[in-house]
2 protein chains.
Amino acid sequence: MHFDDKIPIYYQIKTHIYHEIITGTLQPGEKLLSVRQLALDVTANVNTVQRALSEMIAAGMIDSKRGKGNFVTMDETKITDLKTQLITEQVARAYQQLHALNLSDEEILTSLKHYMTQRGNVE
Amino acid sequence: MHFDDKIPIYYQIKTHIYHEIITGTLQPGEKLLSVRQLALDVTANVNTVQRALSEMIAAGMIDSKRGKGNFVTMDETKITDLKTQLITEQVARAYQQLHALNLSDEEILTSLKHYMTQRGNVE
DNA sequence: ACTAGTGTTCTATTTCTCTATTACACTATT
DNA sequence: AATAGTGTAATAGAGAAATAGAACACTAGT
C-alpha cells in the first residue's frame, strides 16, 4: 500500500477500509482480515492498524468481536450516510481549493472535463 | 490561520503563500512580510515559517535577500507554471478519490455541479 | 558608530506518530 | 485441557514536527 508521508498512516488505513466498505469490496456483515494480517498487508504495525480500526469501531462502522474478528456493520444506512459524507467532503474540498486559486465555476468544470478526456484517451 | 492537524503546518503555510502568489494577492517582485511578522500572522513559530520559505526559495519561487527581506520571483513564467501544476494536482487528486468511491465521470460532474448550485444559492 | 529591522542558524524541549515487543482476554477446535 | 487464532492493551524507543530562545550575518537609516 502506498502512503502519503504528509498524512498519518493510521488515517490512510482508515480511509482505505472505508473505501472498501463503500464500494462493496467489503460487504455488510463481512469479516475483515485479522489485525495481524492487515498489518502485514499494508506493511504497518499492528498498533497502527488497531488505531485505525478503533476509530471506525467508535464510529459504529465496524463491530468488534473479541476472539472472533472485526466485522463490517450490518446497518446499511450507516454505509450510505458515510458514502454521502465522504463524497460531499471531497467535492467541497476540491471546489474550495480550486476556487481559492481564483478559478470560476466554469473554469473548474472545464479543468475537470479536460482531465477526464485526457485520462480517457490514455487508458 | 486555520490549520489541518493532519498536515504539517510548514506545508500548509507554503501552500497558503503559493495561493497568494498565484491569485496575485502577492505580485511578482513584491516583498513579503518579514518572517517574524508572518509567524505572528499565522500563529506559528519563526522556524516553522522559515522552513516553508526555504522550500519556496529552493524552488525559485521566492528570492531571499539577507537583511532586506523575501521577494516574490519576477519570473512570471514560474508563477504560471506553478498555477498549472497546482490545478492539475488538485483536479487529479479529487478525481481519483471520487473515482475510488466508484463514481462514474458523469456522477462526479453531477456532484460538482450540484455542490456549485447549492453554494450559489446560499451566498 | 549606532540602532533597528531583516534573513539565517543552532540547541533544547515537547508532542505526536509509528514501531517493536510482550502480555492479556476471549473463541473455537481438537 | 490444550492449542491456535482472534481482539486489546501496555511499555519503551526512534523519528519528525513544532516550539522557544538565543545568536549570528547583513542592510538601511540615523
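Remember, it's a predicted structure, so these values are computed and weren't measured experimentally. Naming convention: chains lettered A, B, ... in sequence-line order (proteins, then strands); numbering from 1 in each chain.
- Each of B/Ser54 and A/Pro8 was assigned the nucleotide of DNA chain C with the nearest heavy atom; the assignment lying further toward the 5' end belongs to B/Ser54.
- We find that CD of A/Gln37 is positioned 12 Å from C1' of D/dG5, with the value rounded to whole Å.
- Between A/Val49 and A/Asn45, the closest side-chain pair of non-hydrogen atoms is not below 4.5 Å.
- In terms of phosphate contacts, B/Thr48 brings no side-chain nitrogen or oxygen within less than 4.0 Å of OP1 or OP2 of D/dA17.
- Rounding to whole angstrom units, CG of residue B/Asn70 and P of C/dT6 are separated by 11 Å.
- Distance, A/Arg36 CZ to C/dT22 C1': 11 Å, rounded to whole Å.
- Between B/Lys65 atom NZ and D/dA28 atom P the separation is 10 Å, expressed in whole Å.
- Out of C/dT9, C/dT6, D/dA28, the shortest distance to the side chain of B/Ser34 is found at C/dT6.
- Taking atom CZ of A/Phe71 as the reference point, atom C1' of C/dT27 lies 11 Å away to the nearest angstrom.
- Both B/Ile79 and B/Ile57 belong to a common hydrophobic cluster when Ile, Leu, Val, Met, Phe, Trp and Tyr are linked at side-chain heavy-atom distances under 4.5 angstrom.
- Residue B/Asn47 places no side-chain N or O under 4.0 Å from the OP1 or OP2 atom of D/dA18.
- In the model, A/Tyr10 has no side-chain atom that pairs as donor or acceptor with a side-chain atom of A/Asn47 under 3.5 Å.
- Taking atom CG of B/Asp63 as the reference point, atom C1' of D/dC26 lies 17 Å away to the nearest angstrom.
- A/Ser64 has a side-chain polar atom (N or O) that falls below the 4.0 Å cut-off from OP1 or OP2 of D/dT8.
- Within the 4.5 Å cutoff, side-chain heavy atoms of B/Ile17 are placed close to those of B/Leu53.
- C/dT9 atom P lies 12 Å from atom CG of B/Leu53, rounded to whole Å.
- In this structure, the nucleotide among D/dA18, C/dT9, D/dT19 sitting nearest to the side chain of B/Gln50 is C/dT9.
- Rounded to whole Å, atom C1' of D/dC24 lies 7 Å from atom CZ of B/Arg66.
- In terms of modelled atom types and a separation under 3.5 Å, the side chain of A/Thr48 and the main chain of A/Ala44 share no donor-acceptor contact.
- An OP1 or OP2 oxygen of C/dA28 is reached within less than 4.0 angstrom by a side-chain nitrogen or oxygen of A/Lys68.
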